[in-house]
Amino acid sequence: CFSILNIHCEHLGFTSGKLTICGDKKIEVIVKEALNVWERKKGEGGIASTAENHDKAKGLFGEDEKQAGEITKNDVDVYVNFIRRAKSDGKEPHEYGGDNAFIYQFYQDRLKKTNSIDFTDMIRLTVKLFKEHPKILELYRDKHRFILVDEFQDEYSPSYTNASLNLSKQDTNQIQFELLWLLTKESGKLTVVGDDDQCIYNFRGSDSQHIQSLDKYFVGDKTPNRVILDQNYRSTKTIISTANQLIKVLRHLVNASSP
C-alpha cells in the first residue's frame, strides 16, 4: 500500500515520490503539541475534560497528580489511541466534536504538511484512492490479478458499519476487507487460507465466521477459493486429540446459544 500511495499520493494532496511514514515517537510529539495548542485555545489551565476517551482513560489508568496545564504521557497515549481507533473505524475529524475533533484535525494537518502518513493511513488512504480514482484501481487490478490472504480468520473486526458493502461489525476488518473487495470483486481471484477453529485473536474480534461470510459479498463464480487448514503436522496425537475434544464441546455450546 505504501508503494501505491507514494506513486499516486498527489491525488490525495501529498507530494508523490517523497512520502514518508511517521514513527511512534514523532506521532507522540505531534499529539502533545496539539494538546498544548488546544489548552492555550481554551484559555484556561488543564486539559479539557470533554473527550469521552479521556474520561474513560482516567478510570482505567487513574488520574496522575499534575499541575494545571501539565500534559502527561497518559494524556498523549489516550489521544494517540483515539486517532488510531478513529482511522480504523473510517471516521474523519469532522465527525467528532471538541478536543477530539481539534486534536485529530491538527494531527492530520501536521502529517500532510510534512508529507507523512502513519501506519493506520496506509490501507485507509489506499482504499480512498481506489474509490475516488477508478482508473488507478483498474491499473492495480491488472497488476495484482491473484491475491492470497493467510490466517483470514484472525482479521481484526472494529465496531462500525461500511454502508457501501453493508458490512456488519461481526465481519472481518472493514478497511482491509474493502481493499480486497475493490481489487477482486470483478475477477473473484481471491484465495483465503485459515482454520475456523483457530481464532487466536478473538479478543480483538477474530471470528470463525469470517471465512463463511465471504459468500455474502462475492456471489456466483466470483466466490473466493478457500483453503481450510484441517491438518496438523506439528503436535503430538495427545495434543491433537485433546484439542479436537475441546473444539467439539465449544461447537456444541456455540450452537446451543445460537438463536
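Just so it is clear, the values below take in all heavy atoms, side chains as well, and ignore hydrogens, waters and symmetry mates.
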Run the numbers on Tyr104 and His94 for ring pair (Phe, Tyr, Trp, His ring centres under 6.0 Å), then give the verdict.
-> CA-CA 9 Å; Tyr104 188 2; His94 65 81; 9.4 Å; no
Start with the C-alpha distance between Phe130 and Glu178, add both sets of side-chain angles, then the distance that settles side-chain contact (heavy atoms from CB on, under 4.5 Å), and finish with yes or no.
-> CA-CA 10 Å; Phe130 285 167; Glu178 188 161 11; over 6 Å; no
Determine, step by step, whether Val31 and Ile83 satisfy the side-chain contact (heavy atoms from CB on, under 4.5 Å) criterion, reporting the C-alpha distance in whole Å, the side-chain angles of both residues, the deciding distance to 0.1 Å, and the verdict.
-> CA-CA 10 Å; Val31 170; Ile83 291 170; 4.1 Å; yes
For Leu180 and Leu190, run side-chain contact (heavy atoms from CB on, under 4.5 Å): C-alpha distance rounded to whole Å, both residues' side-chain angles, the deciding distance at 0.1 Å, then the answer.
-> CA-CA 8 Å; Leu180 292 172; Leu190 170 65; 4.2 Å; yes
Trace of the salt bridge (charged side-chain N to carboxylate O under 4.0 Å, His left out) decision for Lys73 with Asp77 | CA-CA 6 Å; Lys73 179 68 163 57; Asp77 288 345; 2.9 Å; yes
Quick one: do Glu33 and Arg110 satisfy side-chain contact (heavy atoms from CB on, under 4.5 Å)? Show the steps, please.
-> CA-CA 10 Å; Glu33 182 182 358; Arg110 184 53 55 90; 2.8 Å; yes
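Note: Phe2 CZ to Asp121 CG = 11.5 Å, rounded to the nearest 0.5 Å. Here the straight-line distance linking atom CG of Asn100 with atom OH of Tyr79 works out to 6.0 Å at 0.5 Å rounding. The structure places CZ of Arg84 at 5.0 Å from CD1 of Ile27, a figure rounded to the nearest 0.5 Å. The CZ atom of Arg145 sits 14.0 Å away from the CG atom of Leu183 when rounded to the nearest 0.5 Å. Between the CZ atom of Phe82 and the CD1 atom of Ile103 there is a distance of 8.0 Å, given to the nearest 0.5 Å. Atom CD1 of residue Ile117 and atom SG of residue Cys22 lie 10.0 Å apart, to the nearest 0.5 angstrom.
Nearest heavy-atom pair across Lys91 and Glu95 is CA-OE2, 3.3 Å. Contact detail for Val76 and Glu28: the closest heavy-atom pair is CG1-O, 3.8 Å. Closest heavy-atom contact between Leu182 and Lys131: CD1-CG, 3.8 Å. Scanning all heavy atoms of the two residues, the minimum distance from Arg124 to Lys87 falls at CD-O, 3.6 Å. Nearest heavy atom pair, residue Ile7 against residue Ser16, reads O-OG, 3.2 Å. For the pair Gly98 and Trp38, the tightest heavy-atom approach, listed with the atom from each and the gap, is C-CH2, 3.8 Å.
Of the possible polar contacts, one joining the Asn115 side chain to the Thr15 backbone as a donor-acceptor pair under 3.5 Å is found. Judged by distance alone, the side chain of Ser241 and the main-chain N or O of Thr238 form no donor-acceptor pair under 3.5 Å.
Side-chain contact between Leu111 and Ile30 is present, with at least one heavy-atom pair separated by less than 4.5 Å. Contact check for Ile239 versus Thr236: side-chain heavy atoms found under the 4.5 Å cut-off. With a 4.5 Å cut-off on side-chain heavy atoms, Ile21 and Asp118 do not count as touching. Within the 4.5 Å cutoff, no side-chain heavy atoms of Ile147 are placed close to those of Lys189. Phe102 is listed as a side-chain neighbour of Lys41, based on a closest heavy-atom distance under 4.5 Å. Side-chain contact between Leu5 and Leu12 is present, with at least one heavy-atom pair separated by less than 4.5 Å.
Residues Tyr140 and His8 place their aromatic rings such that the two centres sit under 6.0 Å apart.
Side-chain heavy atoms closer than 4.5 Å link hydrophobic residues (I, L, V, M, F, W, Y) into clusters, and following such links, even through other members, never connects Val29 to Ile71.
Donor-acceptor pairing under 3.5 Å is recorded for the side chains of Thr72 and Asp75.
We find that Glu138 and Arg141 are joined by a salt bridge, their nearest charged nitrogen and carboxylate oxygen being less than 4.0 Å apart.
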